[in-house]
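One is the number of the first residue; the rest follow in order along the sequence.
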Amino acid sequence: MEQLLFKDMGLSQEILQAVLDMGFDTATPIQSQAIPLIKNGKDIIGQSQTGTGKTAAFGIPCLERINPDDRRLQALILCPTRELAIQVSEEFRKLLKYKDNIRVVPIYGGQPIDRQILALKKGAQVVIGTPGRVMDHMRRRTLKMETVQMMILDEADEMLDMGFREDIETILVKIPEDHQTLLFSATLSPEILDITKRFQRNPEFVKIVRKELTVPNIEQYYFDVKEKTKIEALVRIIDVYMPHLAMVFCNTKKRVDDLVELLQSRGYFAEGLHGDLKQAQRDKVMQKFRNGTIQILVATDVAARGIDVDDIDVVFNYDVPQDEEYYVHRIGRTGRAGKNGKAFTFCVGKEIYRLRDIMRYTKTKIVQQKLPTLSEVEKMKTKIFLEKIKETIEESSLQKYRHLAEQLTEENYDPLDIAAALLKHTLADVRTDDMDILDDINFNGTEIYGGNGEKMVRLFISAGKKSKIRAKDIVGAIANEAGVPGKALGAIDLFDDYTFVDVPTEYVKDILQSMKHCKIKNKRIHIEIAKKEKGKGKGKKR
């Protein structure tokens, strides 16, 4: 269908001007199809995703049909989450920029109900709320349904997934028969279709074709990883691309909490968002994300509904989403407002089959990439640092620091040596001698042995019996830091000042990386692949 201009849609001057002020003159496909039908009083089933403009698709005709002289409730919008209810409310307020005689009240859990009761008593023609809180107000008779003329179910599939079906049906049966029902959903499950049959009258079906569900500005890649290396993959990509804001999606609340803890322990500014958080906590996290206090927001799919942030550079699917629709919702968080965006998916083993289903559904190719090596991360960090130095030279006053440099040159230090020493000191955390070995371990000259297909490598640890370290301490440290099961380890040889441990070759990189800054019995240790001469001699074997 042809996309319409808002000025040709017969809107009131106040609404039209508000839409134009928001920077829109042409309606999106869902708006072009839905607005005329809703204005004519038709029930509709709208199948569309986030980012298609569906809020305005029902918001514009809803507000056009409100009688400003009647202070009673005329339109009720149900949303699955508090965040979405707030977002819809904010959109409605923008549309009402030039209308001051229509009151919109959002009601949701986590906000004092007394404040909502007071707002409702002042009169509200439009109420936007979550099912549970709407039911609460209905029981208190602070929300009277007898005058509702328009009922809107926004993201109905999510409400059903969250267990709100009974609440939705209870609300719908309380509304007068002579009303208009609009239902919007990303998917049309049998449950959704059952609701449409029971509560809608000859609904018109409005759907956006699938090719419009993806955003052309988004580059989509996937990485073939092991479960235990996901966190390392994530931080490497973050370090290479240095996103201003990034969203990371997990399939469960526990995964969100665990990942946030891991990121924070590595020094990243990250916070989590999921349904178990109190509303005050959610508000605080979102405020931090919007103002850039945190750069990484880790979230579940449901908790992320309603988040409207335009400056997200990268989206990570830490877990492959459970269905194709979630993938579309997730990556749609980036590449907004004409900007480019990137979406990275971590794929473990047979999850590749789910990813192929997603590619077929979205009719797009998700390209496999190799993880950046630590050497590449080092080069990128160094490049960024050098760029900052150039900017400082060009833009800042350096007189105070020039004086310090002059003091050193007067002591006969070469200026180039001074600069090199400062760079070495500043980049100490970026440059590590073992970076290359972690990505491309060269086993030439390394003793590899073992039978039955299991090849072992001997590692050297710079602590032994004098530090009161026992074999079980070594096993525990490796298990805790690298996630390697103790039963996978081979012989452990304890000497007075050092220890040798035999590990399968497949775990060498993980152990070297994870235990770089490890302590055993409060003693900081150094770990490396044992050289042949180091491995000679006898010690205590477990």
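- Applying the salt bridge (charged side-chain N to carboxylate O under 4.0 Å, His left out) criterion to R266, with sequence neighbours excluded, gives E232.
- Comment: E90 does not engage K94 in a salt bridge, judged by the lack of any side-chain N to carboxylate O separation of less than 4.0 angstrom.
- Not a single donor-acceptor pair under 3.5 Å links the side chain of Q116 to the backbone N or O of G109.
- Between the side chains of E351 and Y222, no donor-acceptor pair is found at a separation under 3.5 Å.
- Side-chain rings of F344 and Y241 approach one another, their centers coming within less than 6.0 Å.
- Once rounded to the nearest 0.5 Å, the distance linking CZ of F223 with CZ of R236 reads 11.0 Å.
- Side-chain atoms of T300 never come within 3.5 Å of backbone atoms of T252 as a donor-acceptor pair (strictly under, hydrogens ignored).
- If you run side chain to side chain contact (heavy atoms under 4.5 Å, CB included) between I107 and each of L143, T142, I128, T130, only L143 comes through.
- Within a 6.0 Å sphere centred on NZ of K99, heavy atoms belonging to other residues, nucleotides or ligands number more than 12.
- The number of heavy-atom neighbours closer than 6.0 Å to NZ of K228, taken from other residues, nucleotides and ligands shown, is above 12.
- No side-chain donor-acceptor contact under 3.5 Å links Q180 to the backbone of Q149.
- Between the D194 side chain and the P190 main chain, no donor and acceptor come within less than 3.5 Å of each other.
- For the side chain to side chain contact (heavy atoms under 4.5 Å, CB included) with T147, the lone residue among H179, R72, Q125, Q74 that qualifies is R72.
- The neighbour count for E166 CD, taken as heavy atoms of other residues, nucleotides or ligands under 6.0 Å away, does not exceed 12.
- Atoms CG and OH, on N317 and Y327 in that order, are 6.0 Å from each other to the nearest 0.5 Å.
- By the 4.5 Å heavy-atom criterion applied to side chains, E191 and R165 are counted as neighbours.
- The only member of K288, R82, Q111 that meets side-chain hydrogen bond (donor to acceptor under 3.5 Å, both in side chains) when paired with D283 is R82.
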- Task: Start with the C-alpha gap between I66 and M150, add the side-chain angles, then the distance that decides, and say whether side-chain contact (heavy atoms from CB on, under 4.5 Å) holds.
- Result: CA-CA 9 Å; I66 296 295; M150 182 179 289; over 6 Å; no
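- In summary, E146 and R141 engage in a salt bridge, as defined by a charged side-chain N under 4.0 Å from a carboxylate O.
- Atom OG1 in T345 sits 5.5 Å away from atom CD1 in I366 (nearest 0.5 Å).
- The pair R140-D136 meets the salt-bridge criterion, with a side-chain N (NZ, NE, NH1 or NH2) lying under 4.0 Å from an Asp/Glu carboxylate O.
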- Go through the steps to decide whether E158 and F164 satisfy the test side-chain contact (heavy atoms from CB on, under 4.5 Å), and finish with yes or no. CA-CA 9 Å; E158 286 301 313; F164 287 133; over 6 Å; no
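- Between the side chain of T334 and the backbone N or O of I331, no donor-acceptor pair lies under 3.5 Å.
- Residues I60 and Q31 form no side-chain contact, since every pair of their non-hydrogen atoms from C-beta on lies 4.5 Å or further apart.
- Cation-pi geometry between K230 and Y318 is satisfied (NZ or CZ under 6.0 Å from the ring centre, within 45° of the ring normal).
- A donor-acceptor pair under 3.5 Å is formed between the side chain of Q200 and the backbone N or O of T181.
- Looking only at side-chain heavy atoms (C-beta outward), L160 and I168 come within less than 4.5 Å of each other.
- Put simply, the side chain of V225 reaches to within 4.5 Å of the side chain of V348, judged on heavy atoms.
- Within 6.0 Å of CD in E227 there are more than 12 heavy atoms belonging to other residues, nucleotides or ligands.
- If you take CD1 on I30 and NZ on K54, they are separated by 9.5 Å, rounding to the nearest 0.5 Å.
- Looking at N40, its side chain never comes within 3.5 Å of a backbone N or O of K42 through a donor-acceptor pair.
- To the nearest 0.5 Å, the span separating CE on M151 from CD1 on I175 amounts to 4.5 Å.
- A side chain to side chain contact (heavy atoms under 4.5 Å, CB included) with I44 is found for exactly one of T196, L182, I152, namely L182.
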- Query: So F346 and I237, side-chain contact (heavy atoms from CB on, under 4.5 Å) or not? Walk me through it.
  - Reply: CA-CA 11 Å; F346 297 143; I237 298 168; 3.6 Å; yes
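- Contact annotation: the side chain of L259 approaches that of L234 to within less than 4.5 Å [non-hydrogen atoms, C-beta and beyond].
- With contacts defined as side-chain heavy-atom distances shorter than 4.5 Å, the pair I86/Y108 qualifies.
- Applying the salt bridge (charged side-chain N to carboxylate O under 4.0 Å, His left out) rule to R201 yields the partners D178; only residues at least two apart in sequence or on another chain are considered.
- If you run side chain to side chain contact (heavy atoms under 4.5 Å, CB included) between V298 and each of L273, L263, D257, only L263 comes through.
- Using a cut-off of 4.0 Å between Lys/Arg side-chain N and Asp/Glu carboxylate O, D301 and R330 are scored as salt-bridged.
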- Query: Is there a side-chain contact (heavy atoms from CB on, under 4.5 Å) between F199 and L183 once you walk through the steps?
  - Reply: CA-CA 10 Å; F199 296 102; L183 183 146; over 6 Å; no
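- To the nearest 0.5 Å, atom NZ of residue K144 and atom NE2 of residue H137 are 13.5 Å apart.
- Looking at V206, D154, L153 one by one, the single match for side chain to side chain contact (heavy atoms under 4.5 Å, CB included) with F184 turns out to be D154.
- With sequence neighbours left out, D313 forms a salt bridge (charged side-chain N to carboxylate O under 4.0 Å, His left out) with no residue at all.
- Counting only heavy atoms from C-beta outward, the side chains of D21 and Y98 approach each other to under 4.5 Å.
- Between K39 and E64, no side-chain nitrogen of the basic residue sits less than 4.0 Å from a carboxylate oxygen of the acidic one, so the salt-bridge criterion is not met.
- Looking at R133 and I113, their side chains come closer than 4.5 Å, going by heavy atoms from C-beta outward.
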